[in-house]
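Following: one structure in structure tokens, then a few remarks.
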Amino acid sequence: MPDNAQQFASDNYSGICPEAWAAMAEANLGHQRAYGDDEWTARAADHFRRLFETDCEVFFAFNGTAANSLALASLCQSYHSVICSETAHVETDECGAPEFFSNGSKLLPARTDNGKLTPQAIRDVALKRQDIHYPKPRVVTLTQATEVGTVYRPEEVRAISQTCEELGLHLHMDGARFSNACAFLGCSPAELTWKAGVDVLCFGGTKNGMAVGEAIIFFDKGLAEDFDYRCKQAGQLASKMRYLSAPWVGILQDDAWLKYANHANHCAQLLATLVSDVPGVSLMFPVEANGVFLQLSEPAIAALTARGWRFYTFIGAGGARFMCSWDTDEARVRQLAADIREVMGA
Ligand SMILES: *Cc1c(COP(=O)(O)O)cnc(C)c1O
């Protein structure tokens, strides 16, 4: 297998999509004002306002860790806490950045069903303690699509936001794979966010065809006060901002974001279908977005690795994660499925 063969370890193994690339090339012509005062940044923000059908505040950061951490920090004080799922990226994969950037706001993991928080799980954590010795719950963060490839339905988000309202909590959404969730549900970005009660969304670009970049979108504009200073202090204010914002114009203007998310989701469905009848292989979670989580035998995992396949196995014994990307080649999916069948001895 060549070194740059398509892999399924993560959707960020992929490169840059043509639309993002072309917009960057166009943005590269001539000079533009720096620090986000340029034409491309204004255009990208307008595209988001059109896409979400509302007058939201839009910011750009280099990656998801920064976007999530700074968004959460803007929603709480250091003595507050943030309720998240036990599998949340903010809890397991951000090296304490949410706590660091919020000066100590504690993350409180809650149990999940197929990677999703429920109103009851949130209530249990939020109401467990109400005394002065416990960090006061102030925010709930959801991951859409979740870390295990499932997707919250609009009514599930609404039920959670109602719980948040009752308990006095803000609602944040980690949308590193928001595009894949929209593609799966076929509903509008507005329905899945502010119309369902989400206050702030971190919209991922990196895993859906961009080189770098996440957008932080405040639907409750009051919460965005001084957010630009927070970004600057955290080293997230790009001096040549147009290279962060132009690719968004590229993927938003003709709906490439949705086309690619649909493609990645379709490839995940294909992989799941192709291995569904292999003896000993089982799906660990419903395939809804662009990830397939399979229970395989340990020898099969070793054999796949020996054949050159790269994938993550952080989800426990025999669990393997396969992520599809905006550019995943169906032939490559078929090759992987055939190899899974072989190493499982089918
Ligand atoms: C990839 C990812 C992020 C962003 O990670 P960075 O490496 O910081 O860009 C955030 N949340 C989830 C669920 C992710 O999968």
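Note that ligands are numbered from 1 as they come in the structure, with each ligand's atoms numbered from 1 the same way. Position 1 is the first residue of the sequence, and the numbers go up from there.
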Counting only pairs under 3.5 Å, give me each side-chain donor-acceptor contact of residues 178-187, with atom names and distances, residues two or more places apart or in other chains.
residue	atom	partner	partner atom	Å
S179	OG	N208	ND2	3.3
N180	ND2	N265	OD1	3.1

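The distance criterion of under 3.5 Å between nitrogen or oxygen atoms is met by D174 with respect to ligand 1.
A salt bridge does not link R230 with E225: none of the charged nitrogens is closer than 4.0 Å to a carboxylate oxygen. Salt bridge absent: R33 and E39 never bring a charged side-chain N and a carboxylate O closer than 4.0 Å. A salt bridge does not link E99 to K106: none of the charged side-chain nitrogens sits closer than 4.0 Å to a carboxylate oxygen.
Of all atoms in ligand 1, numbered sequentially from 1 with element shown, those under 4.0 Å from a heavy atom of T143 are 13 (C). Ligand 1 places these atoms under 4.0 Å from at least one heavy atom of N63: 8 (O), 9 (O). The contact set between ligand 1 and E147, taken as ligand atoms under 4.0 Å from a residue heavy atom, comprises 13 (C). Shown in contact with A176 at under 4.0 Å from a heavy atom are these atoms of ligand 1, numbered in order with element: 2 (C), 3 (C), 10 (C), 11 (N), 12 (C), 14 (C).
The nearest protein atom to atom 5 (O) of ligand 1, hydrogens excluded, is given as H89 CE1, 3.3 Å; this is a heavy-atom distance. Considering only non-hydrogen protein atoms, atom 6 (P) of ligand 1 sits nearest to G64 N, 3.6 Å.
The side chain of N68, and not its backbone, has at least one atom closer than 4.0 Å to an atom of ligand 1 (non-hydrogen atoms only; side chain from C-beta on). Using a 4.0 Å cut-off between heavy atoms, T65 contacts ligand 1 through both its backbone and its side chain.
At a cut-off of 3.5 Å, with distance as the only test, no side-chain donor of N63 or E214 sits close to an acceptor on the other residue. Side-chain contact check for S245 and T41: at least one donor-acceptor pair (N or O, by modelled atom type) lies under 3.5 Å.
Using a 4.0 Å heavy-atom cutoff, T206 is absent from the residues neighbouring ligand 1.
In this comparison of K207, M323, R177, the heavy atom closest to atom 14 (C) of ligand 1 sits on K207.
Under a cut-off of 6.0 angstrom, the local environment of NZ in K259 is crowded, with over 12 non-hydrogen atoms contributed by other residues, nucleotides or ligands.
Interatomic distance, C231 SG to L70 CG, rounded to the nearest 0.5 Å: 5.5 Å.
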